[in-house]
Amino acid sequence: MASMELLGRSLLQGSAGPAAAAPRGARDRRSGGLCYASLGGRSSRRAVRSKAPVGALAERVVLAPAPAERVARPEAHPQSVAARAVVTVRRKRKDDAKGRVAEQMDAYADKLGRSVLLELVSTDTDPRKGGPKKSRKSRLTGWFEKRDAKAELVVYTAEFTVDSSFGEPGAVTVLNRHQREFFVESIVVEGFPSGPAHFACRSWVQPTRVAGANNPRVFFSNTPYLPAKTPPGLRELRRRELKDLRGSGTGQRETTDRAYDYDVYNDLGNPDKGPGFERPVLGGEKMPYPRRMRTARPSTVTDGDAESRLEYPEPIYVSRDEEFEEGKNEMISEGAIKAILHNFMPLLVSSVSPDSRDFAGFHDVDNLFKEGLRLKQALHDQLFQKIPFVRKIQENSEGLLRYDTPDIIKKDKFAWLRDDEFARQALAGINPVNIERLQEFPPVSKLDPAVYGPPESAITEEHIIGSLDGMSVKQALEENKLYMLDYHDIFMPFLDRINSLDGRKAYGTRTLFFLTAGGTLKPIAIELCLPPMTEDCKRAKRVFTPPADATSIWLWQLAKAHVCSNDAGVHQLVNHWLRTHACMEPFIIAAHRQMSAMHPIFKLLKPHMRYTLKINALARQILINGDGVIESGFTPGRYCMEMSSYAYDNLWRLDQEGLPADLIRRGMAVEDASQPHGLRLLIEDYPYATDGLLLWSAISRWCEAYVAAYYQSDEAVRADYELQSWYTEAVQSGHPDKRDAPWWPRLSTPADLASLLTTLVWLCSAQHAALNFGQYPLGGYIPNRPPLMRRLVPTEGDAEYEHLVADPHRFYLSALPGLTQTTTFMTVIDTLSTHSADEEYLGERPDGWTADPAALAAAREFAAEVRRAEEEIERRNADPSRRNRCGAGVLPYELMAPSSGPGITARGVPNSVTI
């Protein structure tokens, strides 16, 4: 169990027929594969997915000798239709012995009559019975014959005979009378005059022992219908399916359930373990927060308001179809093995050799990438004698004990030390969304001066006048030359508590930058603030300017490190977790509860919701929980999530989450109708913004075209009760602590809807990618971006000041995270920065997602525009005039480049928040 706890922390601390021949990982191009219009140059970056069997080839798929007696296809009456359902089931690539035995038992039970039953449901109603027209239930054939199939995708068939007046099949019900669940990739119904009907299922079907004998699964065809245009035969099924997905709102959820509901974050702490393990409930008047997926586990014994925890790797509830697929689980498992090896040696060294808990010099940090962690010779020999398996780990896992070299030190080992790189990363780094234009001088806090002292910054004109290229401060402001990173107000309310924690030291920081003639930023002042102890407390506000001598160089480096620590905390707790994970969860829950799978807007959103609920549930287990990876790895410690709640309460607004609105809010752009995107950037070479606007515009045009295909009037939007219920519930039940805010966007017109969808798709795809997949490439070298600090900056006369002067390298490294903190953090962001092999990228959609030609045409154009954006990004990265992304030792900015292969690539924009 100890190793599993370490694993949890480390993750964030034979036939020739088509089915038999379908290679591992192959996907049905008609029902579960990925389409991407005119892939062009992207094929060199990503492996081509193989085609899998389709309905027309089903009869050729024979994976075992056929029995002597075959199920005869019914002969059609002259006034009847003979139809066939071709069902593609995805089998597990890896199954344990128990699972294999159960599979065989199901196969034999199927042969004896305990088979899977299908039923076709017409879009028309039966005038005699009043309900929809239905076929007779038909047995799914081939399960026994194909019991030993090795292919991942296996095709089965069911035969039907229906009256010629049956109409068009609009739904298929599946009753699983086996003992095990199975995953339906797709269903194709052939034989009707209207042509093949496609059902893109990609869903688990539970056995009747779980779901009940009278509760078959319903799959609707890929023809989209607005609620008011639902065919009569499907209306009741549409209503019933949504009722099932909403659940009863009572009782503990089981892993086989499909229900979606809301709850507060009351499962982050574990008060039953004793004092210090409790954590406040997030969500409510005291600590506002978005709502999360309801699991309804029992309360803790100690605190009735706290929900009992399930510790990783025990599965935490999400709706069954939200679970990771095998490819994603394999990536997580591979990362877990590497995590265990990466963390074993540091834990061992620090436990037996206390003097090795800190880095002695920068060479120790560098050796993590060159050799992995090596033991001092005396300790090396001693451990090898006493613990022989240590030798085997070090000998047999040498490559895995080494860390991959982060991109930030590949091109220039010392780039991180330079002021220009420190400033460049505010525009093109892991967290390029906090830089803002300085609009008044000196900067002023919004906090209560009675508690936190005078609101004005201590930075004066004398501090910066020598760095303004001959300008006055007034002139620099007027010419938009001054910019700022301001973490004063978000950190200040927590500093007394943070600094009382063992091994945690922080300031509220402000950093001023000057925009040079070359289009780059240079830091000109850093202010480090603490809550005042007295009225004229000199320690409360300290200002540092670019160094002029040896000692001030190291003081300046320490000040920059504290800025980076602030930046890392806000990046992870606010911009990454809160804005792209937590705030999106209510919209995903509400979409499943209020919009049918037939709804065209649900079809648009579905790829952008993939895996998000599962990754958020895992985060509650091992990332944002009490004493989890975030608390252990970032300066705020146990107050991390309280700070996230503070940011949600004071800063988050959906109407300002779109890229153009955010850029204007931060003063980084002004509205300008003459510009391509309707605004003008005040820093022309701002890689995050320039590349982001390419993708934002592509997403915006795609959403506008898609919405226009279904809503031709304002009334059509207002009358769509599923759409209105979705948005209303996401606000009222998913964000109830902000439900009365006046800034919520309206949803009254097609333009309102397109704007809302653009913002949601942006946040789930490009914004998340920009904030996530650069974490290891840029943050894996801890001195570049320390996530926590252990020392304040010493003042002259302090004993620590003498230590700094005597040994600046060692003092600087002692202020950064220690050995085990560093290696655990590196392991976590290694996993967070990794693309899995089953990633689906912006512009890609599973084939068969819709039958609407207008929607398909709009999707093809969107894919083409995404591809053009990628080509433009490549051109920009090769342009030497763009000095924030091209130059000696300068990393290209590729975090918005849409495509990627698997692994850590510092590029790639998945459709959804998948990690």
Side-chain angles (χ1 to χ4, degrees), residues 28-38 54-55 121-124 167-172 185-190 192-203 218-235 237-238 241 591 594-610 698-713 716-717 719-723 726 750-751 753-754 756-758 760-761 840 842-866 911:
D28 188 335
R29 297 297 294 179
R30 294 174 65 185
S31 55
L34 294 174
C35 60
Y36 192 96
S38 304
V54 295
V121 182
S122 173
T123 56
D124 296 335
E168 185 178 334
V172 176
E185 189 76 30
S186 66
I187 301 173
V188 180
V189 178
E190 302 170 328
F192 284 88
S194 55
H198 294 266
F199 300 76
C201 309
R202 300 184 77 176
S203 181
V218 177
F219 295 107
F220 297 107
S221 78
N222 63 354
T223 301
Y225 295 106
L226 292 173
K229 296 182 179 180
T230 307
L234 302 181
R235 289 173 187 165
L237 279 181
R238 183 171 187 153
E241 176 74 356
Q594 298 297 341
M595 284 196 292
S596 167
M598 288 188 283
H599 200 293
I601 301 304
F602 185 90
K603 289 181 178 292
L604 181 143
L605 288 174
K606 188 173 182 180
H608 304 289
M609 302 187 289
R610 184 179 186 232
I699 294 168
S700 177
R701 281 190 282 270
W702 151 239
C703 290
E704 288 170 359
Y706 190 88
V707 167
Y710 298 99
Y711 300 93
Q712 284 77 44
S713 67
V717 172
D720 186 339
Y721 60 86
E722 284 187 6
L723 180 74
W726 162 62
L753 176 56
L756 174 63
L757 294 173
T758 300
L760 296 179
V761 172
E840 296 175 3
L842 194 65
E844 295 179 344
R845 285 185 164 259
D847 271 355
W849 68 279
T850 184
D852 186 348
L856 291 171
R860 286 192 294 270
E861 176 54 35
F862 175 51
E865 190 165 358
V866 169
N911 275 323

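Since the structure is predicted, the reported quantities are computational estimates derived from the model, not experimental observations.
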First locate atom [atom1] of [X], then atom [atom2] of [Y], and finally report the distance between them rounded to the nearest 0.5 Å.
{"X": "F862", "Y": "E844", "atom1": "CZ", "atom2": "CD", "value": "11.0 Å"}
{"X": "D852", "Y": "Y225", "atom1": "CG", "atom2": "OH", "value": "11.0 Å"}
{"X": "T223", "Y": "K229", "atom1": "OG1", "atom2": "NZ", "value": "13.5 Å"}
{"X": "M609", "Y": "L760", "atom1": "CE", "atom2": "CG", "value": "10.5 Å"}
{"X": "S221", "Y": "L234", "atom1": "OG", "atom2": "CG", "value": "7.0 Å"}

| task | Only counting residues at least two apart or in another chain, list the ones meeting side-chain contact (heavy atoms from CB on, under 4.5 Å) with N222. | result |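 Per chain and number, N222 pairs via side-chain contact (heavy atoms from CB on, under 4.5 Å) with H198, K603, A851.
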Of all the heavy-atom pairs spanning [X] and [Y], show the shortest one and how long it is.
{"X": "A754", "Y": "C703", "answer": "O-CB, 3.9 Å"}
{"X": "P600", "Y": "L226", "answer": "CG-CD2, 3.6 Å"}
{"X": "G848", "Y": "A200", "answer": "O-CB, 3.5 Å"}
{"X": "G233", "Y": "V121", "answer": "O-CG1, 4.1 Å"}
{"X": "T123", "Y": "G170", "answer": "CG2-CA, 3.7 Å"}
{"X": "T758", "Y": "S700", "answer": "OG1-CA, 3.4 Å"}

Side-chain contact, heavy-atom cut-off 4.5 Å: [X] with [Y]?
{"X": "L842", "Y": "W702", "value": "no"}
{"X": "I601", "Y": "Y710", "value": "no"}
{"X": "L856", "Y": "W849", "value": "yes"}
{"X": "L604", "Y": "V761", "value": "yes"}
{"X": "F220", "Y": "E241", "value": "yes"}

| query | Does the side-chain contact (heavy atoms from CB on, under 4.5 Å) test come out yes or no for H599 and R238, once each step is laid out? | reply | CA-CA 10 Å; H599 200 293; R238 183 171 187 153; 3.7 Å; yes
| If you measure from the Lys or Arg side-chain nitrogens to the Asp or Glu carboxylate oxygens, is any gap between R202 and E840 under 4.0 Å? | yes
Kindly write out the residues that satisfy side chain to side chain donor-acceptor pair (under 3.5 Å) with [X], not counting sequence neighbours, or none if the list is empty.
{"X": "R235", "value": "none"}
{"X": "H608", "value": "none"}
{"X": "Y711", "value": "D720"}
{"X": "D124", "value": "none"}

| Can you list the residues that meet the salt bridge (charged side-chain N to carboxylate O under 4.0 Å, His left out) rule with E704, with sequence neighbours excluded? |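 Expected list: none.
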